[in-house]
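Throughout, residue positions are numbered sequentially from 1 according to the sequence presented. Bear in mind that the values here come from a model prediction, so they are computed numbers and not experimental data.
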Amino acid sequence: MQWNQAIAEKRLSDLKMSDMPVMQITPKLSTVPQDWFIQYRKLCREFMRSLSDCVQELALMNLGREEFMDLLMGRAIPRNLSFRFRVPLIWGGKLETDNMFMCATFPQSQNLDRFIIEQYGNETIWLPNPKKKLYLPIHSTVSGTGGNATADRLSQFAATMNSGRTQP
């Protein structure tokens, strides 16, 4: 069954990602460079270093100080995080940081795989296309009555970074 935007958005809502924007493509098989994985590994490090403009979103992920710094320095990806291509290479996507985003492996990345596979054989495919480099479902970013979760996490992170310094 060919999907339209309403069907794609409904399916994402069923997968608990109602806030995930989508884009429509017509898949055309493309040749992927033989050394794509070597390029991809370099690209992942570049992408991690580019996440410095997503500090507020990263603060909501409850990463430890070491995981946080390793991610921003391009050294290591924390557990349960995945990099995804907005447009898969096989369908003409580019090996560029603008074609990537990061999300939790479970359940988001696995659900996005399911979302794409369910459209197999369609003339047009709806692909996830978050506005930012990091996708966090809205239900994980809303703070409760305890205050602003982002500000709280940033304050906590700043406090741990300063804990090793002597005060004047």
Does one hydrophobic cluster hold both [X] and [Y], with members joined at side-chain heavy-atom distances below 4.5 Å?
X    : Y    : answer
F37  : V32  : yes
L60  : F106 : no
Y120 : L15  : no

Could you give the distance from [atom1] ([X]) to [atom2] ([Y]), rounded to the nearest 0.5 Å?
X    : Y    : atom1 : atom2 : result
M102 : L136 : CE    : CG    : 8.0 Å
M73  : L51  : CE    : CG    : 13.0 Å
I117 : L112 : CD1   : CG    : 11.0 Å
N111 : I116 : CG    : CD1   : 11.5 Å
Q110 : R114 : CD    : CZ    : 7.5 Å

Inset, instruction - Please identify each residue that fulfils side-chain contact (heavy atoms from CB on, under 4.5 Å) with T26, with sequence neighbours left out. - result: K28, T124
Legend entry - side-chain contact (heavy atoms from CB on, under 4.5 Å) partners of S50, counting only residues at least two apart: F47, K133
Inset, instruction - With sequence neighbours excluded, give me every side-chain hydrogen bond (donor to acceptor under 3.5 Å, both in side chains) pair touching residues 70-86. - result: D70-R75, S82-T105, R84-S109, R84-D113, R86-N129
Over all heavy atoms of both residues, which pair between [X] and [Y] is shortest? Give the atoms and the distance, please.
X    : Y   : result
I77  : M48 : CG1-SD, 3.8 Å
S52  : L72 : N-CD2, 3.8 Å
L127 : W91 : CD2-CZ3, 4.0 Å
I125 : P27 : CG1-CG, 3.6 Å
G92  : V87 : C-CG1, 4.2 Å

Inset, instruction - Assess the pair F115 and W3: is the distance between their ring centroids shorter than 6.0 Å? - result: yes
